[in-house]
Engineer: 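Have a look at this one.
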Amino acid sequence: MILTQESIQEIKEKTAKYPRKKSGILPALTVAYRQLGYVDDEIYHEISKVIKVPYVEIAEAATFYTMFPKKSRGKYLIQVCHNISCALLGADSLISYLEDKLGIKKGETTADNLFTLISVECLGSCSTAPMMQINHDFHENLTREKVDGILETLRSEA
Ligand code: FES
């Protein structure tokens, strides 16, 4: 087992609150992600055994959401919105700019394990497009200069 006894216990406690076992899938994935920083096939199987829900249902839920990656991510997860408002205001060029600045492609993590770059669907901040979320913080009305400043600040804080 890769999940610790503490995680397994927490998963059991959380899922016991729900009348349907399936309702415990997301809480279980959240516990596993918090422990490991990723959730892959092996973990789907472990969760399946713990909460007694078929593996395929765990995998379906985990791969539907962007918050349960199969590989661990950098300290800062940069999620750039590529949906319509942001796309109209330059999201693609912003993503290319970030790829160049960080020396990685979308979906990759920098060699120093500091930044992971992904693009995502609408984050609900369309009126301040283009925008991105880094960990829990929104950065809005982005320009290349703003992006430079944000990356510089994060690097200095790391
Ligand atoms: S389209 Fe980008 S936040 Fe909604």
Side-chain angles (χ1 to χ4, degrees), residues 1-83 86 91 94-95 98-99 101-126 128 130-140 142 146-147 149-158:
M1 276 278 194
I2 294 171
L3 291 171
T4 61
Q5 279 310 310
E6 291 76 27
S7 291
I8 291 169
Q9 188 56 37
E10 190 178 350
I11 288 170
K12 285 180 177 171
E13 284 168 16
K14 285 187 187 293
T15 54
K17 295 177 185 165
Y18 299 101
R20 296 174 60 222
K21 289 178 187 166
K22 275 170 79 164
S23 304
I25 293 174
L26 293 183
L29 286 166
T30 302
V31 171
Y33 177 69
R34 201 173 346 112
Q35 180 199 318
L36 299 162
Y38 69 91
V39 196
D40 63 9
D41 289 334
E42 203 171 347
I43 304 302
Y44 303 161
H45 281 294
E46 290 191 15
I47 290 173
S48 168
K49 282 184 196 141
V50 173
I51 69 173
K52 298 180 181 27
V53 170
Y55 159 88
V56 69
E57 293 187 35
I58 311 286
E60 280 172 357
T63 54
F64 180 79
Y65 297 99
T66 55
M67 71 256 216
F68 300 120
K70 286 188 153 189
K71 288 192 286 188
S72 58
R73 290 170 165 167
K75 179 172 182 175
Y76 299 111
L77 174 62
I78 302 175
Q79 302 179 76
V80 183
C81 171
H82 61 200
N83 220 294
C86 290
L94 191 65
I95 291 166
L98 277 159
E99 287 178 333
K101 284 251 2 157
L102 299 171
I104 54 172
K105 292 288 176 199
K106 244 181 359 178
E108 294 179 346
T109 299
T110 54
D112 59 5
N113 223 23
L114 208 51
F115 298 103
T116 298
L117 175 66
I118 61 171
S119 68
V120 295
E121 299 300 334
C122 181
L123 289 167
S125 189
C126 316
T128 56
M131 62 81 63
M132 64 184 177
Q133 180 176 348
I134 303 182
N135 293 353
H136 298 293
D137 299 322
F138 274 17
H139 300 274
E140 301 161 306
L142 290 172
K146 273 192 179 178
V147 168
I150 292 162
L151 294 181
E152 208 170 288
T153 303
L154 293 176
R155 278 201 175 101
S156 68
E157 288 173 358

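In this text, all values refer to a predicted model and were calculated from it rather than measured experimentally. Sequential numbering from 1 along the given sequence is applied to the chain's residues. Computed over heavy atoms, backbone and side chain alike; hydrogens, waters and symmetry mates excluded.
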Engineer: Do Leu151 and Arg155 make a side-chain contact, defined as non-hydrogen atoms from C-beta onward lying under 4.5 Å apart?
Structural biologist: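 Leu151 vs Arg155: side chains touch.
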Engineer: Please enumerate all residues that pass side chain to side chain contact (heavy atoms under 4.5 Å, CB included) together with Tyr65, with sequence neighbours excluded.
Structural biologist: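 Tyr65 satisfies side chain to side chain contact (heavy atoms under 4.5 Å, CB included) with Leu26, Met67, Phe68 once adjacent residues are dropped.
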Engineer: I need the Glu60 CD to Ile25 CD1 distance, nearest 0.5 Å.
Structural biologist: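 Separation between the atoms: 8.5 Å.
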Engineer: Measure the spacing between CG of Leu94 and NZ of Lys101 and express it to the nearest 0.5 Å.
Structural biologist: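 Those atoms lie 12.0 Å apart.
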Engineer: So, for Cys86 and Pro130, which heavy atoms are closest and what is the spacing to 0.1 Å?
Structural biologist: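 The pair with the smallest heavy-atom distance is SG-CA, 3.9 Å.
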Engineer: What's the shortest heavy-atom distance between Ala32 and Ile47, and which atoms?
Structural biologist: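 Nearest heavy atoms, Ala32 then Ile47: CB-CD1, 4.0 Å.
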Engineer: Counting distance only, does the side-chain N/O of Ser125 pair as donor-acceptor with the main-chain N or O of Thr128 below 3.5 Å?
Structural biologist: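 Flag not set: sc Ser125 to bb Thr128 has no pair under 3.5 Å.
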Engineer: To the closest 0.5 Å, what do you measure between OH (Tyr44) and NZ (Lys49)?
Structural biologist: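 Answer rounded to 0.5 Å: 15.5 Å.
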Engineer: Do Thr109 and Ile104 make a side-chain contact, defined as non-hydrogen atoms from C-beta onward lying under 4.5 Å apart?
Structural biologist: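 Not in contact.
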Engineer: Enter the distance from Ile150:CD1 to Leu98:CG here, rounded to the nearest 0.5 Å.
Structural biologist: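 It is 9.0 Å, given to the nearest 0.5 Å.
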Engineer: Using modelled atom types only, decide if a donor and an acceptor are shared between the side chain of Gln133 and the backbone of Asn135 within a distance under 3.5 Å.
Structural biologist: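 A pair under 3.5 Å: yes.
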Engineer: What do the steps show when you test Leu154 against Leu114 for side chain to side chain contact (heavy atoms under 4.5 Å, CB included), and what is the final call?
Structural biologist: CA-CA 9 Å; Leu154 293 176; Leu114 208 51; over 6 Å; no
Engineer: Between His139 and Asp137, does a side chain to side chain contact (heavy atoms under 4.5 Å, CB included) hold up when you go through it step by step?
Structural biologist: CA-CA 7 Å; His139 300 274; Asp137 299 322; 4.0 Å; yes
Engineer: Just by modelled atom types, is the Cys81 backbone N or O under 3.5 Å from a matching donor or acceptor in the Ser119 side chain?
Structural biologist: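 No, because the side chain of Ser119 does not come within donor-acceptor range (under 3.5 Å) of the backbone of Cys81.
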Engineer: Mind listing the closest non-hydrogen atom pair of Lys146 and Glu140 along with its distance?
Structural biologist: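 Smallest heavy-atom distance, with atoms named: NZ-O, 3.1 Å.
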Engineer: When the side chains of residues 70-79 are checked against the rest of the protein, which donor-acceptor pairs come out under 3.5 Å, sequence neighbours left out?
Structural biologist:
residue, atom, partner, partner atom, Å
Lys70, NZ, Asp41, OD1, 3.2
Arg73, NH1, Thr66, O, 3.1
Arg73, NH2, Thr66, O, 2.9

Engineer: Check whether Glu10 reaches the backbone of Val31 with its side chain - one donor and one acceptor, N or O, closer than 3.5 Å.
Structural biologist: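 Side chain of Glu10 to backbone of Val31: no pair is present.
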Engineer: Is the shortest heavy-atom distance from the side chain of Lys14 to the side chain of Thr30 under 4.5 Å?
Structural biologist: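 Sidechains of Thr30 and Lys14: no contact.
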Engineer: Any chance the side chains of Gln5 and Gln9 put a donor and an acceptor closer than 3.5 Å?
Structural biologist: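 Side chains of Gln5 and Gln9: no pair found under 3.5 Å.
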Engineer: If you count every heavy atom of other residues, nucleotides or ligands that lies below 6.0 Å from Glu157 atom CD, does the total exceed 12?
Structural biologist: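 More than 12 within 6.0 Å, yes.
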Engineer: Can you sort out the partners of Lys22 under salt bridge (Lys or Arg N to Asp or Glu O under 4.0 Å), two or more places apart, ordered by chain and number?
Structural biologist: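 Checked Lys22 against salt bridge (Lys or Arg N to Asp or Glu O under 4.0 Å); matches are Glu57.
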Engineer: Quick check: closest heavy atoms across Leu117 and Ile95, and the distance to 0.1 Å?
Structural biologist: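 Closest pair (atom of Leu117, atom of Ile95, distance): CD2-O, 4.3 Å.
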Engineer: For Glu42, look at atom CD and say whether over 12 heavy atoms of other residues, nucleotides or ligands are found less than 6.0 Å away.
Structural biologist: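 Open: at most 12 neighbouring heavy atoms sit under 6.0 Å from CD of Glu42.
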Engineer: Determine the minimum heavy-atom distance between Leu102 and Thr110, stating which atoms define it.
Structural biologist: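 Leu102 and Thr110 have their closest heavy atoms at O-CG2, 3.7 Å.
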Engineer: Give a yes or no on whether the backbone of Ile43 and the side-chain of Asp40 come within a donor-acceptor separation of less than 3.5 Å.
Structural biologist: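 Side chain of Asp40 to backbone of Ile43, a donor-acceptor pair under 3.5 Å: yes, one is there.
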Engineer: Nearest 0.5 Å, what's the CD1-CD distance between Ile118 and Glu108?
Structural biologist: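 If we round to the nearest 0.5 Å, Ile118:CD1 and Glu108:CD are 13.0 Å apart.
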Engineer: If every non-hydrogen atom of Gly37 is compared with every non-hydrogen atom of Pro69, which pair is closest and at what distance?
Structural biologist: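 Looking at all heavy atoms of both residues, the shortest contact is O-CG, 4.2 Å.
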Engineer: Just by modelled atom types, is the Glu6 backbone N or O under 3.5 Å from a matching donor or acceptor in the Gln35 side chain?
Structural biologist: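 No, the answer is negative, given that no donor and acceptor are paired below the 3.5 Å cut-off.
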Engineer: Is the shortest side-chain heavy-atom distance between Thr15 and Lys21 below 4.5 Å?
Structural biologist: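 When only atoms from C-beta onward are counted, Lys21 and Thr15 do not touch, as no gap falls below 4.5 Å.
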